[in-house]
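None of these values were measured; they are calculated from a predicted model.
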Amino acid sequence: MTNGTSIPDFDEIASLIKEMFYVLRDPYMQWADIARRAVRGLPHDPQRLAELEKYINSVRVDLRKAILIASEHFPEEQLRTLRSYAGMSKSAWRSFKKNRVVTTRNGFTLVSY
C-alpha cells in the first residue's frame, strides 16, 4: 500500500478497502446467523463460530489499518466517496476504527453487511 511516510494513493487504498470489505460480507452473515443461535441458546456449531471469529478478526486488523490511514490522509469529502465506493455505511466505517474483536458479546455492534 504505502511506506507510511507519504500520502497514500486514493484509488489504491479505495480499491483495497472495497475488496477487503467485500470479502467480509459472507463471513459476517454466516457469523451473525450462528451467533444469534448461540445467544438464544439454540443448537449451533461452536467450532464454526470460532473459525469465523478468527477469520473476521484477522481481516478486520488489516482493514482497520487501511481505514485509519485513509482517515488520517483524506478529507471528509473523499472519505464519503470512498465509503460509497466500498458500499460501507458511516457506522460500518466507524466500527472498523475501533480496536475491538468480534465476539458474541460485542460483535453485533461491529458487524455490518
Side-chain angles (χ1 to χ4, degrees):
M1 181 168 38
T2 66
N3 62 9
T5 59
S6 64
I7 295 175
D9 178 69
F10 179 80
D11 293 333
E12 180 184 341
I13 201 161
S15 293
L16 176 69
I17 290 171
K18 180 181 180 178
E19 180 182 321
M20 293 176 81
F21 188 61
Y22 180 79
V23 164
L24 284 175
R25 288 180 195 251
D26 189 47
Y28 270 180
M29 287 189 283
Q30 291 176 33
W31 177 87
D33 290 341
I34 296 171
R36 278 187 202 99
R37 294 185 66 76
V39 168
R40 292 178 181 152
L42 299 172
H44 66 283
D45 184 349
Q47 182 177 349
R48 180 66 179 145
L49 184 63
E51 290 169 357
L52 286 166
E53 286 176 356
K54 183 178 178 181
Y55 175 74
I56 288 168
N57 289 320
S58 69
V59 175
R60 281 181 62 87
V61 167
D62 294 332
L63 185 50
R64 180 175 186 269
K65 289 175 189 174
I67 286 174
L68 290 175
I69 288 169
S71 295
E72 185 176 307
H73 291 288
F74 300 124
E76 186 58 37
E77 184 177 310
Q78 280 187 307
L79 293 177
R80 277 193 299 273
T81 302
L82 194 155
R83 284 193 304 266
S84 176
Y85 176 71
M88 294 177 76
S89 67
K90 196 170 189 175
S91 62
W93 184 269
R94 281 191 221 127
S95 81
F96 281 101
K97 291 174 86 175
K98 296 176 184 173
N99 191 18
R100 295 172 59 193
V101 295
V102 172
T103 64
T104 53
R105 182 178 179 136
N106 66 7
F108 293 103
T109 62
L110 299 174
V111 171
S112 65
Y113 47 91

#### Entry: Results of side-chain hydrogen bond (donor to acceptor under 3.5 Å, both in side chains) for R60 - residues two or more places apart only
Y28

### Query
Is there side-chain contact between R36 and L42, with heavy atoms separated by less than 4.5 Å?
no

### Message
Applying side-chain hydrogen bond (donor to acceptor under 3.5 Å, both in side chains), can you list everything that pairs with T103, at least two apart in sequence or on another chain?
### Response
N106

### Query
Do K54 and E51 sit within salt-bridge range, that is, some charged N less than 4.0 Å from a carboxylate O?
no

### Message
Using side chain to side chain contact (heavy atoms under 4.5 Å, CB included), reason through L79 and W93 one step at a time and then give a plain yes or no.
### Response
CA-CA 10 Å; L79 293 177; W93 184 269; 3.8 Å; yes

### Query
Between R37 and P43, is any pair of side-chain heavy atoms under 4.5 Å apart?
yes

### Query
Is there side-chain contact between L24 and W31, with heavy atoms separated by less than 4.5 Å?
no

### Task
Given side chain to side chain contact (heavy atoms under 4.5 Å, CB included), test M88 with I67 step by step and report yes or no.
CA-CA 11 Å; M88 294 177 76; I67 286 174; 3.9 Å; yes

### Expected output: side-chain S95 to main-chain A92 donor-acceptor under 3.5 Å
yes

### Message
Can you confirm whether F74 sits close enough to I13 that some side-chain heavy atom of one is under 4.5 Å from a side-chain heavy atom of the other?
### Response
yes

### Query
Does some side-chain heavy atom of D62 sit less than 4.5 Å from a side-chain heavy atom of L16?
no

### Message
Which heavy atom of L52 sits nearest to which heavy atom of I34, and what is that distance?
### Response
CD1-CD1, 3.8 Å

### Side chains of Q78 and H73 in contact at under 4.5 Å (non-hydrogen atoms)
no

### Minimal non-hydrogen separation, G107 against V102, with atom names
CA-CG1, 3.9 Å

